[in-house]
Amino acid sequence: MPHVPDVAVVGAGPAGLAAAVEAAEAGLDVLLIDTAGQPGGQYWRHYDRTHARPEDRIGHHDWPVFTRLRTRLDELQAEGRIRYLPGHQVWLITRDSEAAFTLRVTATTSTSTAAGGASGETLTAHALILCPGGYDRQLPVPGWDLPGVLTAGGAQALLKGHRTSAGRRAVVAGTGPFLLPVATGLARAGVRVAAVIEANATVGWLRSPAGAVSAPGKGVEALRYAASMARHRIPYRTRTVIREVLGDGRVDAVRVARVDGDGRPTGPDEEITVDFVAFGWGFTPSLELPLMLGAETAKDTDGSLVVTVDELQRSSVDGLYVAGEATGVGGATLAVTEGRLSALALAGDRGLPADPTRVRRLRGAVRRARRFATAMHRTYPLPRAWPEWLTETTLVCRCEEVPYADLRRAHHELGAEDARTLKLLARPGMGWCQGRVCGLATAGIAAWLGGRETGVDDLRPLAGRSLAVPVPLGELAALAEETTPLEAMDEGGRNGD
């Protein structure tokens, strides 16, 4: 009989890396699975460590935290206490009658199998700590489908992981503090940043003073960014949005305007010449895997769908712990703390000693970080009236080339009152990305057309997927003699997709 580890940790970003190390040090037998070829996730994305240079760490925050965790991972792997499987992604999770979790994984690169894995491998674990992280959420605007438009995270990933930029003159737009490291990182790389376009007014912090002071280090960090922006002469324009991206075949300029608190234009348009745009509207959690298992969800302060967990990171599914952005976007420091807490909670639940003082300290750190995250989300909300920016021809779903007019028609003429019905009748979210890019926008449009606030019932149908990632047909065919993916979803809890 094959060996079954105590826990499988999925994701080797800040939360997953911390969870795997903590779990192994607590005495658990750990399997760590990650899509990337090296640990760190998006936050600690870096150039291949075998070809790294000292300057590659520039622009990374908490780098000593990462290097300590990576060193410990290497040591625990050498001791046989962690099996680390990089370059693999989990595409289906089911649970058998003995309460063990079965994970089906596929290799993400041709070199993954050489590192000790195999394409189409099936793995089992007694418990799960899911740390799937998140990704840039996007709002459609006219022209956002032009070549030269990137997510803010994508622009930063090019710099961190590939030492390159997407152009020479940029504008960074959207909302939230993440715009600042992206803009200053581009400027350090030699890009002329024409402006940072912030949709909100930063005085929103004054409405949540308790949350703002819960993470004093963030204030120091903000001052550093302000100084860097001043050195590079980057204008910072608040209560302003990009109304349209202009160009013939690729980005040539953007049209911007001042807006009120709801995002409605209040002033004349102005054009800024650029050759690429980095849009950042915050982040949204990746929930495919927890939703497969029927984990309960809620709408967070920032409007994202998140997994609900207790004070020890336990989800509503027995044996399933969730840490990091999937429980609410709050940054890497919070993710590391939640990862460590989930591992100690699992160790305690399995009868291993877990220092109660340390658990209390971690719980306190999570509460403080959550207060700060709540204050941040209230300061930088998505503009309520953003659907008014759209024209009839603005693409909402780029995979299926679905314009806003099709969604309006499905609502007004075909009676589509919710996001699920909009998806069925107009096809947003049915393409290659399966709603990862357009899901939030489609849910928001469904609510907007219905004259209501976006709710869980709008968000959930576009957050879950029958398969977490695209896989070769051969791997699906291998399930023919077992349970089909849709039947497995029924057993674990259908997500309404």
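Given the structure is predicted, the values throughout are model-derived calculations rather than measurements.
Taking every heavy atom of both residues into account, Pro14 and Gly40 meet most closely at CD-O, 3.8 Å. Closest approach of Thr106 to Pro472, counting heavy atoms only: OG1-CD, 4.1 Å.
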### Query
Where do Asp74 and Thr71 land on the side chain to side chain donor-acceptor pair (under 3.5 Å) test, with the steps shown first?
CA-CA 5 Å; Asp74 292 341; Thr71 298; 5.5 Å; no
### Query
Is there a side-chain contact (heavy atoms from CB on, under 4.5 Å) between Ile445 and Trp386 once you walk through the steps?
CA-CA 9 Å; Ile445 289 170; Trp386 69 261; 3.7 Å; yes
### Trace of the side chain to side chain donor-acceptor pair (under 3.5 Å) decision for Thr454 with Arg384
CA-CA 10 Å; Thr454 307; Arg384 192 182 67 84; over 6 Å; no
### Task
Starting from the C-alpha separation in whole Å, work towards a yes-or-no answer on side-chain contact (heavy atoms from CB on, under 4.5 Å) for Glu417 and His411.
CA-CA 6 Å; Glu417 296 291 336; His411 173 79; 3.6 Å; yes
### Message
With side-chain contact (heavy atoms from CB on, under 4.5 Å) as the criterion, how do Arg368 and Leu334 come out once you've worked through the C-alpha distance, each side chain's angles and the decisive distance to 0.1 Å?
### Response
CA-CA 9 Å; Arg368 289 190 296 274; Leu334 173 58; over 6 Å; no
### Message
If you apply the rule salt bridge (charged side-chain N to carboxylate O under 4.0 Å, His left out), what do you find for Arg452 with Asp458, and how did you get there?
### Response
CA-CA 11 Å; Arg452 64 179 188 279; Asp458 296 303; 2.6 Å; yes
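Annotation: side chain of Pro177 is in contact with side chain of Tyr380 (closest heavy-atom distance under 4.5 Å). Taking the side chain as every heavy atom from C-beta outward, Met292 and Arg465 never approach each other to under 4.5 Å. Between Leu362 and Leu344 there is a side-chain heavy-atom pair separated by less than 4.5 Å. At a threshold of 4.5 Å between non-hydrogen side-chain atoms, the residues Asp406 and Arg427 do not count as touching. A heavy-atom distance below 4.5 Å is not found between the side chains of Leu32 and Arg83. Counting heavy atoms from C-beta on, the side chains of Val456 and Leu459 never come closer than 4.5 Å. A heavy-atom distance below 4.5 Å is not found between the side chains of Leu407 and Leu425. Residues Leu139 and Leu382 form a side-chain contact, since some pair of their non-hydrogen atoms from C-beta on lies under 4.5 Å apart.
Of the options Ile129, Val322, Thr327, a side chain to side chain contact (heavy atoms under 4.5 Å, CB included) to Glu338 is made by Thr327 and by none of the others. Remark: of the listed residues Val317, Ile93, Val307, Val9, Ile93 is the sole one forming a side chain to side chain contact (heavy atoms under 4.5 Å, CB included) with Leu130.
By the 4.0 Å N-to-carboxylate-O rule, Arg367 lies too far from Glu311 to be salt-bridged with it. Salt bridge status for Arg81 with Glu22: absent, with no side-chain N to carboxylate O gap under 4.0 Å.
For the residue pair Glu198 / Thr175, a side-chain donor-acceptor distance below 3.5 Å is found, with atom types taken as modelled. A donor-acceptor contact closer than 3.5 angstrom is absent between the side chains of Gln89 and Thr108. Checking Ser304 against Arg137 by side-chain atom types alone, a donor-acceptor pair falls below 3.5 Å. A side-chain donor-acceptor contact under 3.5 Å links Thr297 and Arg460.
Note: Lys423 NZ to Thr421 OG1 = 11.5 Å, rounded to the nearest 0.5 Å. Distance CZ/Arg314 to CG/Asp310: 5.0 Å, rounded to 0.5 Å. Within the model, atoms CG of Leu305 and CG of Asp300 stand 9.5 Å from one another, a figure rounded to the nearest 0.5 Å. If you take NE2 on His88 and CD on Glu121, they are separated by 6.0 Å, rounding to the nearest 0.5 Å. Rounding to the nearest 0.5 Å gives a distance of 10.0 Å between NZ of Lys160 and CH2 of Trp44. The CZ atom of Phe276 sits 14.5 Å away from atom CG of Leu146, with the distance rounded to the nearest 0.5 Å.
No more than 12 heavy atoms of other residues, nucleotides or ligands lie within 6.0 Å of CD in Glu296, so this atom counts as exposed by the packing criterion. In this structure, Asp418 places its CG atom where more than 12 heavy-atom neighbours from other residues, nucleotides or ligands lie under 6.0 Å away.
Remark: Arg398 qualifies as a cation-pi partner of Trp144 under the 6.0 Å distance and 45° angle criteria applied to the six-membered ring.
Side chain of Arg370 to backbone of Gly328: a donor-acceptor contact under 3.5 angstrom is found.
Ring pair Phe66/Tyr43: centre-to-centre distance not below 6.0 Å.
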